[in-house]
Amino acid sequence: MTTPPRRKKIYEGKAKILYEGPEPGTLIQYFKDDATAFNAQKKAILEGKGVINNRISEYVMTRLNTIGVHNHFIRRLNLREQLIKEVEIIPLEVCCRNIAAGSLSTRLGLPEGEQLPRSIIEFYYKKDELGDPLVTEEHITAFNWATTQEIDDMLAMTLRVNDFLSGLFGGVGITLVDFKVEFGRIYDGDFSRVILADEISPDSCRLWDSITSEKLDKDRFRRDMGDVIESYTEVARRLGIMKEMPTVIQGGVQ
Ligand code: UDP
């Protein structure tokens with residue numbers, strides 16, 4: 001793995017590092033190969049993951065921008081980095097679910113794979129020490145994590161992302177089971193606007209082969225199923241974006 005460049009580090013998370021950008025209001029988002037699950041109790045390095053997620057997220061964010069779902073992506077700089085808009089992160093993970101899986105199956109006793117009566121959006125408070133607890137709009141407004149207007153904007157944008165991603169993946173034989181997005185504020189004087197931030201990749205989505213139901217996402221890592229990188233690569237290949245990344249396929253990612 002290449003050494004991250006020597007720029008001022010702003011923040012280091014589990015899978016990404018943020019560096020100061022070339023001009024005010026921008027940051028550089030670096031995708032690491034680190035994989036974590038269960039609140040970082042399980043850890044591994046998956047060689048090439050950062051490169052694939054950088055490319056998949058670039059593709060998805062670019063496509064979302066073209067349909068007016070504003071997000072922080074500006075452009076990809078190299079295999080592992082993208083230039084992004086600096087935002088004030090809203091401390092919420094917004095999950096959208098179409099099919100029961102993961103924590104929803106556990107919490108409500110729903111068999112994994114059961115179609116939900118409609119898409120369900122949930123908010124989790126981003127707080128590692130607490131294991132990102134599920135919260136309601138009451139908590140969000142009472143503790144000033146976001147305003148009711150911002151909640152409405154996040155709900156509307158998440159549904160648009162869900163419709164768009166369901167179609168995008170559906171078209172290449174992949175079922176979008178659920179996904180997680182994050183949002184941030186950008187300021188224009190006193191006025192602030194909520195835009196989509198973070199990443200959209202097989203780390204943050206559940207993606208099942210539409211015919212075989214084979215998992216093509218981070219559950220392969222969470223559940224020790226093996227072939228994690230192969231599955232992420234398969235997602236990129238089906239999206240038609242593998243051509244520019246021959247070194248990933250060959251395994252020798254720098
Ligand atoms: N998710 C994520 N980051 C998290 C928690 C969840 O990207 O910290 C994604 C996860 O990959 C899945 C969706 O959000 O696509 C719903 O996850 P769930 O609540 O079922 O959590 P899990 O069972 O994966 O812990």
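Numbering of ligands and ligand atoms starts at 1, following listing order. Count residues from 1 along the sequence.
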From the candidates Ser103, Ala40, Gly102, Ala15, the one that places a heavy atom nearest atom 21 (O) of ligand 1: Ser103
contact_flag Asp203 ligand 1 heavy-atom lt 4.0 Å: yes
Under-4.0 Å salt bridge between Glu20 and Lys9: no
salt_bridge(Asp209, Lys215) N-O dist < 4.0 Å: no
For Cys95, the ligand 1 atoms whose distance to one of its heavy atoms is below 4.0 Å: 14 (O), 16 (C)
Which residue and heavy atom of the protein sit nearest atom 15 (O) of ligand 1, plus the separation: Asp178 OD1, 2.5 Å
Lys180, Glu93, Arg222: member with heavy atom nearest to atom 10 (C) of ligand 1: Arg222
Donor + acceptor pair across side chains of Asp203, Tyr232 (<3.5 Å): yes
Which segment of Phe38 sits under 4.0 Å of ligand 1 when only heavy atoms are counted: neither
Ion pair Arg222/Asp219, N-O distance below 4.0 Å: yes
Minimum non-hydrogen distance to atom 16 (C) of ligand 1, winning option of Glu182, Glu112, Arg206, Lys126: Arg206
Ligand 1 atoms in contact with Tyr124 (distance to a heavy atom under 4.0 Å): 19 (O)
Heteroatom proximity flag, Asp219 to ligand 1, N/O under 3.5 Å: no
Structural part of Ser204 in contact with ligand 1, heavy atom criterion under 4.0 angstrom: both
Non-hydrogen atom of Lys218 closer than 4.0 Å to ligand 1: no
Region of Cys205 engaging ligand 1 - heavy atom pairs below 4.0 Å: backbone
Under-4.0 Å heavy-atom contact between protein and atom 19 (O) of ligand 1: yes
Distance in Å, Phe169 CZ paired with Leu216 CG, rounded so as to fall on 0.5 Å steps: 10.0 Å
Mode of Arg97 contact toward ligand 1 - side chain, backbone, both, neither (heavy atoms, under 4.0 Å): side chain
Spacing of Lys127 atom NZ and Glu93 atom CD [to the nearest 0.5 Å]: 13.0 Å
Between Glu199 and Ser201: side-chain donor-acceptor atoms closer than 3.5 Å: yes
Rounded distance (nearest 0.5 Å) linking atom CD1 of Ile200 with atom CZ of Arg63: 12.5 Å
Heavy-atom donor-acceptor pair, Glu58 side chain to Gln82 backbone, under 3.5 Å: no
